[in-house]
Amino acid sequence: MSRVAAARPLLAPVLLILAVALIGSTTSTATQQNFITALVSVTIVVGLYVFIGNAGVISFGQISFVAIGAYSAGELTLPTQPKHFVLPGLWSFIQNHSVGNIPSLAIAAGLGALYALAVGLPLMRLSGLAAGIATFAVLEITYNVLTFWPKIAPQSGQTLSLVPTTTGLTQATVGAIIAAAAAFLYQSSRRGRLLRASREDPAAAQAAGVNIRRERLIAFTLSGAIAGLAGGLLVHQIGSIIPSQVYLDLTFLTLAMLVVGGTGSLWGATVGAIIVSLLDTYLSNAENGLHLGFFKLTLPSGAADLILGLLMVAMLIFRPQGLTGGREWDLTIPHLRRRRSETRADASGASGLDQASLIAESPNPTDSATEPAAERPAPPVESPLSGPRPEG
Amino acid sequence: MLLQAIIDAVAVGALYALVAVGLALVFGVMRLINFAQGELITAGAYSLYLTRNLPLVVSIIVCFVVCVVLSVLIERVAFRPLRGASPATTLVATFAVAFALEAVWLIAFTPQGKTADLLSTLNQPATHGSLHLRWLTIVELGAGLLLLGGTALVLNRTTIGLHMRAAATNFRDAQLLGVRADRVIMFAFVMAGVLAAVVSLLLTVSQPLVTPTFGLDVTILALVGAVLGGIDRLASATAGGFLIGFITSFLGDELPASLSNFSLSFTFGIVILVLLIRPAGLLAALGQSSVERV
């Protein structure tokens, strides 16, 4: 397969991102914000996908990397002059240095990666429920420290404001495409394939010589970099940030986006992020009154969350593998069908490891199942729950 | 006052232990982390608020009925169709149910807290020397011991308890041997509902201001505790729940003022450390602590 052909699965996510940007560019400035939000969400969710999707390990901690990105990019782009007055407690290094917009995004991504690497080094030996809880603990600690440590953030959780609002449609689009391209390059690289093999069958991958812990750490760090970049874009979009904006709610919302789209593919992450984000902002706007032809509909506050929650439950019941079923969408013309099926097997399996993929093909006994699952879940995000049944 | 801090911490620990038992019961039969457990507690608390002018007994009965019915309802509507789905899917599903219910409370009761003032006499201190012991603390301890004992009794001495233990060990084998899956799971959710009702009662007495996130915070911390102890077994999950409540309360009381803001960071720092050393839980059976369970 030629290089160009190999990159085909990247085409669909990029085209979708561009389509959203194009539609956004024709709308009014106020409505445009919704599309920018959707594109920033894509960046965050692609960041989540790089780790959760490829490794098959659940993490509740990735939003702390978004937080690090948001705070570092925000604080570093404040001009030093007001910074001395509004944030007197800040570390003198941060206080005395200011950078431009693009460098601040690069720093956000770098610090996100660095933090993820530092956290991942000890944590990547965990899997399943322990990994979920430990990464959740990271989120809690990040939130707690950002709220109460005046050396790195405004005092007692106050708003970091006056951040230049530079994230327009252009930057959000470029950011989302960079994230998608990075995620795609990684998942089709040797390293990415090794990790995906370990997701399908840890035992077989390990037996074939995959160092699962190292592969997971690489994905975790890349995920941290993308999340950090997303945080930078986020703070430059809103112009301010408080710790609770990058905490539980965002964690839930972005995980929902990933699950709705389908955990197993980049295409799923992109689709889920855009649909859920647009729906969320649309419903939230409806809480402030929505004009429907002749009458004005005002949803009570909280209705957006209710609809979103119910939709997600329904979605999980009727299509548990997400809208995309965890597959990449390959834009090919019909007479190339044969090759398409090849690519598919390629994208969802472990082509680098014959042994592992052979074993992964065999039906997987799911011990939590009370009735045989109709289809084998495409992206088996492994959890505690898939371990051997313990003594009660 | 070290002794005072310890007594307070024990009372908080008992409360968290009760929540942890509810989580572990459901986890045992369904391999499902039930985030919606917290919403049961919130529902119970709001029902206490709505019935605050009725006689106390009626109010409490309503609270129990609401919690149990909601618990069973959630299982029927949301979790039953998901049996056999991948664990990540069910985890996010319980998340979504909790999210949706929280929105319901928000719509019905607004974000402003509602005061459910009942049994306020229990908040009065029973002073002994320099020790201030609220009656509630004693009630919490008593209720905790009683319910934990009761749960153990049901599990070890009744047929349905035997079925539950069998299902927790190996669901499929238990089914083949004639254990009725639906009944066992339903019973686990009923018990979880009862436990949630007790917790919501105790919690409402100690902090009468009910908000939409009333039960969520407790549940998250109790879940962390249950995993810390080992959610696979009821006893270890309970102990873990107790431990996390104890640590949180104790650190909050005893950390020096300059650090007290960071008590949550210390708590979760300890959690990470314990998980790194014993990923299957602090009290998990030996031989289960292997890092990668494949």
Side-chain angles (χ1 to χ4, degrees), chain A residues 58 122-123 125-130 132-134 136-138 140-141 144-145 147-149 156 202-203 206 212 252 255-256 259 263 300-306 308-310 312-313 316-317 320 366-373 377 379-392, chain B residues 28 30-33 78 81-93 95-107 111 165-166 168-172 175 181 220 223-224 227-228 231-234 261-262 264-265 268-269 271-272 275-276 279-280 284-285 288 291-294:
Chain A
I58 193 93
L123 253 49
R125 38 182 285 160
L126 298 177
S127 57
L129 196 49
I133 297 292
F136 179 75
V138 171
E140 288 282 356
I141 291 174
N144 187 240
V145 170
T147 308
F148 290 112
W149 200 19
S156 43
Q206 217 159 22
I212 298 184
F252 170 74
L255 270 179
V259 171
T263 347
S301 114
D305 289 353
L306 177 60
L308 211 64
L310 291 180
M312 241 176 71
V313 176
L316 289 170
I317 291 174
T366 39
D367 49 4
S368 59
T370 56
E371 52 214 62
V381 170
E382 148 243 280
S383 240
L385 325 176
S386 57
R389 261 179 184 264
E391 307 303 314
Chain B
M30 267 192 103
R31 306 279 113 173
L32 171 109
I33 305 273
L82 280 173
R83 258 185 240 167
S86 84
T89 308
T90 54
L91 184 72
V92 178
F95 234 64
V97 170
F99 195 67
L101 281 175
E102 213 178 295
V104 172
W105 315 141
L106 203 65
I107 295 169
R165 282 185 296 140
T169 311
N170 191 326
F171 202 98
R172 229 189 241 168
Q175 256 187 316
I220 288 182
L223 168 66
V224 171
V227 175
L228 195 68
I231 198 168
D232 290 341
R233 289 181 309 156
L234 225 45
N261 279 337
F262 297 106
L264 218 56
S265 288
F268 281 104
V271 167
I272 291 181
L275 287 176
L276 285 177
Q288 276 196 14
V291 169
E292 193 81 44
R293 287 158 75 187
V294 286

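Each chain gets a letter, A, B and so on, in the order the sequences are listed, and its residues count up from 1. Being a predicted model, the structure only gives us computed values, none of them experimental.
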List the atom of A:Val313, the atom of B:Ala78, and the distance in Å for their closest heavy-atom pair. CG1-CB, 4.0 Å

From the options B:Leu275, B:Leu276, B:Ile272, select the one residue that forms a side chain to side chain contact (heavy atoms under 4.5 Å, CB included) with A:Pro122. B:Leu276

Under the criterion side chain to side chain contact (heavy atoms under 4.5 Å, CB included), I'd like the reasoning laid out for A:Asp305 against B:Glu102: C-alpha separation, chi angles, the key distance, then a yes or no. CA-CA 8 Å; A:Asp305 289 353; B:Glu102 213 178 295; over 6 Å; no

Can you list the steps and then say if A:Ile133 with B:Leu223 is a side chain to side chain contact (heavy atoms under 4.5 Å, CB included)? CA-CA 9 Å; A:Ile133 297 292; B:Leu223 168 66; 4.2 Å; yes

If one checks every heavy atom of B:Val271 against chain A at 4.5 Å, the contacting part turns out to be side chain

I need the minimum non-hydrogen distance between A:Ala130 and B:Pro279, along with the two atoms involved. CB-O, 3.5 Å

Identify which part of B:Ile231 has an atom lying under 4.5 Å from any heavy atom of chain A, answering side chain, backbone, both or neither. side chain

Contacts of B:Phe99 meeting ring-ring contact (aromatic ring centres under 6.0 Å, His included) (sequence neighbours excluded), chain-then-number -> A:Phe252

Side chain to side chain donor-acceptor pair (under 3.5 Å) filter on B:Ser265, not counting sequence neighbours, yields A:Asn144

Side chain, backbone, both or neither: which part of B:Ile107 has a heavy atom under 4.5 Å from chain A? both

Identify which part of B:Leu228 has an atom lying under 4.5 Å from any heavy atom of chain A, answering side chain, backbone, both or neither. neither

